[in-house]
2 protein chains.
Amino acid sequence: MSAPWVYIEDIPKIQEGEIEVRGWLFNKRSSGKIVFLIIRDGTGYIQGVATLDNFTQDQLESLEKIPIESSLIVVGDLKKEPRAPGGYELLLKSVNVVSYSEEYPIQKKDHSIDFLLERRHLWIRSRKQNAILRIRSEVVKAIRDFLDEKGFVLIDAPILTPSACEGTTTLFELDYFDLGKAYLSQSGQLYMEAACMAFGKVYCFGPAFRAEKSKTRRHLTEFWMVEPEMAFWDWQDNMRLQEELVSYIVQRVLEKRKRELEILERDTKPLEKVVPPFPRITYREAIEILKRNGQNVEYGDDFGGDEETIISSQFDRPVFIHHYPAKIKPFYMQPDPENPEEVLNNDLLAPEGYGEIIGGSQRIHDLKLLEKKLEEYNLPKEAFEWYLDLRRYGSVPHSGFGLGIERTVAWICGLKHVREAIPFPRMIYRIYP
Amino acid sequence: MSAPWVYIEDIPKIQEGEIEVRGWLFNKRSSGKIVFLIIRDGTGYIQGVATLDNFTQDQLESLEKIPIESSLIVVGDLKKEPRAPGGYELLLKSVNVVSYSEEYPIQKKDHSIDFLLERRHLWIRSRKQNAILRIRSEVVKAIRDFLDEKGFVLIDAPILTPSACEGTTTLFELDYFDLGKAYLSQSGQLYMEAACMAFGKVYCFGPAFRAEKSKTRRHLTEFWMVEPEMAFWDWQDNMRLQEELVSYIVQRVLEKRKRELEILERDTKPLEKVVPPFPRITYREAIEILKRNGQNVEYGDDFGGDEETIISSQFDRPVFIHHYPAKIKPFYMQPDPENPEEVLNNDLLAPEGYGEIIGGSQRIHDLKLLEKKLEEYNLPKEAFEWYLDLRRYGSVPHSGFGLGIERTVAWICGLKHVREAIPFPRMIYRIYP
Ligand SMILES: [Mg+2]
Ligand SMILES: [Mg+2]
């Protein structure tokens with residue numbers, strides 16, 4: 001009977017006996033008559049120990065020479081080893097090299113970010129990148145579980161769209177058969193507004209695209225976003241859902257991805273504080289904070305990354321900024337009935353200087369007001385006829401928001417740049433591999 | 001104290017008392033001194049009953065006149081009513097119209113498919129479309145739960161790609177800043193091959209694009225696909241995962257979306273039979289079946305929709321077809337060592353004439369062989385350098401597949417055309433709304 005193939009993350013369920021591990025040589029060292037092979041299989045790491053008990057001197061010498069990242073199938077006996085990272089070692093009985101690796105280009109030494117991005121298909125094998133993307137996977141799962149359990153229906157928004165949600169300057173454009181130009185979606189929001197009138201509570205979760213020439217640490221041309229939209233919910237209901245969701249994500253990662261946060265050396269204390277309620281300040285109060293911190297800003301200015309960093313640094317948990325001036329926000333946001341110059345919106349800034357991870361608002365539900373806004377914003381009414389229909393046939397107050405996945409992952413992982421928070425980042429200067 | 005707002009699907013948890021429902025007028029009728037308002041809120045339907053107990057004659061007359069699809073907030077007492085579809089009626093105490101609808105364009109009468117697609121933003125409110133998309137949401141959830149529980153890591157593949165996986169003729173093309181042309185991805189497979197060497201078992205789940213000029217009932221230009229990829233798995237392991245996944249999806253929908261299948265009048269008997277093992281036939285056997293059924297086909301021909309319908313109709317559950325001739329399949333499929341003219345691949349055809357829902361294969365892991373194939377298929381080696389790297393640094397046998405969401409939903413729902421299986425379908429002649 002051959003030993004069962006076990007994934008390294010499942011070893012604590014097996015605990016003892018002879019097992020087979022299939023993976024890659026992550027690292028190695030030898031001390032005289034012992035060769036240590038650190039094997040990774042994508043689910044974890046285990047140290048294999050080869051000694052003269054099971055190998056000849058010649059065999060040990062050839063084990064020593066196996067190049068890093070060669071693929072292996074090994075068989076050995078499990079041994080509890082409290083000092084080992086996973087709690088177990090493998091006393092090797094046989095080592096079969098599936099494929100000898102050529103000299104692996106990524107070394108321990110510091111490589112330039114361009115060198116690493118050019119080899120992203122290999123870089124994702126490294127400990128930190130691997131941990132980040134496993135956390136990303138958990139973040140996505142947490143979001144979907146949270147919304148699904150609350151009765152939200154997933155309604156995928158289209159990526160190919162006939163017109164722009166917020167202007168065409170930052171859109172990728174392509175030819176669509178005989179129907180003229182099509183654009184890659186920046187947001188599924190307008191479609192979610194249609195869908196929430198059909199399903200009550202909905203969300204879309206997919207890639208979004210911005211052909212922005214920004215080279216900041218917060219911008220990708222292709223990124224993922226979840227966008228919930230709720231009929232009959234107002235802007236305050238909206239914020240309550242946001243703080244509940246963000247807390248849920250963070251607590252889930254703390255619970256399920258402890259090992260990965262350790263690999264990243266992430267200080268988890270600030271994350272533990274991420275529980276509702278989050279502080280709420282008005283745009284006007286945010287301007288005051290910036291002025292007190294020596295910034296040269298006026299009511300009516302929009303915030304960039306630097307301003308967001310200053311504001312978010314004042315709080316120990318994510319902070320809502322609501323009631324922005326209407327004129328620096330998109331056409332569809334509901335004006336405050338008591339002060340129509342400001343809108344019933346909110347951004348949510350992550351702490352530790354991370355800045356905006358969510359933008360949300362109550363949407364205009366009145367047909368006449370929406371038509372007026374389209375005119376004010378110089379948007380072509382024809383393209384929005386279907387969107388106006390939502391106000392013709394049983395319109396209701398409704399609200400929603402978009403949460404950016406890469407910014408959220410970058411914050412939770414403590415990354416400097418969002419490019420490491422997505423498997424294959426796309427920026428204005430990078431589309432390979 | 002005001003009555004609590006309850007979503008209709010949650011009424012069985014409440015059972016009795018005064019509640020508020022927020023929704024839209026789906027239908028109405030009146031018989032003398034009683035007005036029946038059928039209200040939908042996206043999570044279900046309930047009949048509200050207004051009588052002279054709580055309304056004046058004048059009020060009843062104005063209730064009768066509320067236009068279909070007007071938005072309402074109503075308060076009433078719950079009453080068990082076994083004959084009602086959801087088991088409950090609402091004895092109305094107040095009816096507030098939030099917004100009177102203009103005359104609703106979608107009537108009971110038969111509309112042309114173009115008329116309905118042009119109004120997709122409203123059509124999704126109808127009973128059948130609503131049921132289909134709720135089933136779609138459940139299918140997606142089932143797939144993710146299945147894979148996540150098995151330890152797969154979600155690795156999102158990029159949509160913007162620098163080159164073509166299987167040739168450029170069916171790709172959407174766009175300008176990417178100063179980097180030349182970019183293409184919308186047809187498949188995340190190549191990226192998943194990189195990822196499975198880093199994470200063991202991975203999947204991507206996102207939109208894919210084909211600029212094909214096909215007008216068949218099985219084609220969309222934008223569709224969703226899940227693509228698992230597993231290191232160290234061979235083509236037979238691959239098929240076992242596929243049959244387990246497909247069975248899991250179908251059983252989950254049968255369990256959780258009974259009401260929706262009823263609305264669609266779907267005969268569930270054929271679905272109940274979808275349990276492993278699925279029959280497995282070779283491509284050669286499939287050719288024999290076609291010949292016996294009067295088709296004029298020869299070994300080496302590819303199958304179209306008609307052929308798939310004939311083959312799948314021979315079986316009472318999904319059927320695998322494996323070992324296709326290499327020359328009608330993409331370059332990356334592993335040849336059978338015993339007969340290199342055929343590949344270790346499989347399609348999976350859904351029963352009841354539905355045809356292909358999955359394509360999968362073991363992938364070539366040998367560097368030299370892969371280089372030779374790229375040459376044979378006239379593909380530019382430079383574009384595939386990173387993909388070749390996967391065979392340079394610890395290559396292993398690996399396998400994967402892609403399951404098309406819309407085809408799967410169309411089959412489970414018993415739809416004639418995939419266009420109803422996605423919220424906002426994109427076809428060569430449609431990109432609106
Ligand atoms: Mg903003
Ligand atoms: Mg095919």
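Chain A is the first sequence line, chain B the second, and so forth, proteins listed ahead of strands; every chain is numbered from 1. Computed from a predicted model, the values in this text were never measured in an experiment. Computed over heavy atoms, backbone and side chain alike; hydrogens, waters and symmetry mates excluded.
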Please classify the contact of [X] with chain A as side chain, backbone, both or neither, using a heavy-atom distance under 4.5 Å.
X: B:I73; result: side chain
X: B:E138; result: neither
X: B:S70; result: backbone
X: B:V153; result: both
X: B:R136; result: side chain
X: B:E173; result: backbone
X: B:I124; result: both
X: B:P433; result: both
X: B:C204; result: neither
X: B:L25; result: neither
X: B:I68; result: neither
X: B:A231; result: both
X: B:R40; result: side chain
X: B:I422; result: neither

Quiz item: Is there a side-chain contact between B:L179 and A:Y432, using heavy atoms and a 4.5 Å cut-off?
Solution: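 Not in contact.
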
Quiz item: Heavy atoms, side chains only, cut-off 4.5 Å: are B:E222 and A:P158 in contact?
Solution: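 When only atoms from C-beta onward are counted, A:P158 and B:E222 do touch, with a gap below 4.5 Å.
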
Quiz prompt | Interatomic distance, A:S137 atom OG to B:L147 atom CG [nearest 0.5 angstrom] | solution =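 If we round to the nearest 0.5 Å, A:S137:OG and B:L147:CG are 10.5 Å apart.
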
Practice problem: Measure the spacing between CG of A:L122 and CE of B:M197 and express it to the nearest 0.5 Å. | Solution: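 The distance works out to 11.0 Å.
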
Quiz item: Less than 4.0 Å between a side-chain N and a carboxylate O, is that true for B:R144 and A:D145?
Solution: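 A salt bridge is absent here (no side-chain N lies under 4.0 Å from a carboxylate O).
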
Checking [X] against chain B: side chain, backbone, both or neither under 4.5 Å from a heavy atom?
X: A:E103; result: backbone
X: A:F209; result: side chain
X: A:P397; result: side chain
X: A:D41; result: backbone

Practice problem: Determine, for A:Y7 and B:K150, whether the Lys NZ or Arg CZ falls below 6.0 Å from the six-membered ring centre while staying within 45 degrees of the axis. | Solution: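 Geometry flag: not set, cation outside 6.0 Å or 45°.
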
Quiz item: Can we call the ring centroids of A:F232 and B:W24 under 6.0 Å apart?
Solution: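 Distance test on ring centres: under 6.0 Å, yes.
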
Quiz prompt | B:Y429 ring center within less than 6.0 Å of A:F177 ring center | solution =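 They do not qualify: ring centres at least 6.0 Å apart.
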
Quiz item: Looking just at side-chain N and O atoms, do B:T221 and A:Y176 make a donor-acceptor pair shorter than 3.5 Å?
Solution: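 Side-chain D/A pair, B:T221 to A:Y176: present.
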
Quiz item: With B:H121, which of A:Y387, A:Y393, A:W386, A:F384 fulfils ring pair (Phe, Tyr, Trp, His ring centres under 6.0 Å)?
Solution: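 Running ring pair (Phe, Tyr, Trp, His ring centres under 6.0 Å) over A:Y387, A:Y393, A:W386, A:F384 with B:H121 returns exactly one hit, A:W386.
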
Quiz item: For the candidates B:E193, B:E69, B:R120, which exhibits the highest count of non-hydrogen atom pairs separated by less than 4.5 Å from chain A?
Solution: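 With the most close heavy-atom pairs to chain A, the winner is B:E69.
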
Quiz item: Checking B:N130 side chain against A:A198 main chain: does a donor-acceptor pair fall under 3.5 Å?
Solution: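 Checked: pair present.
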
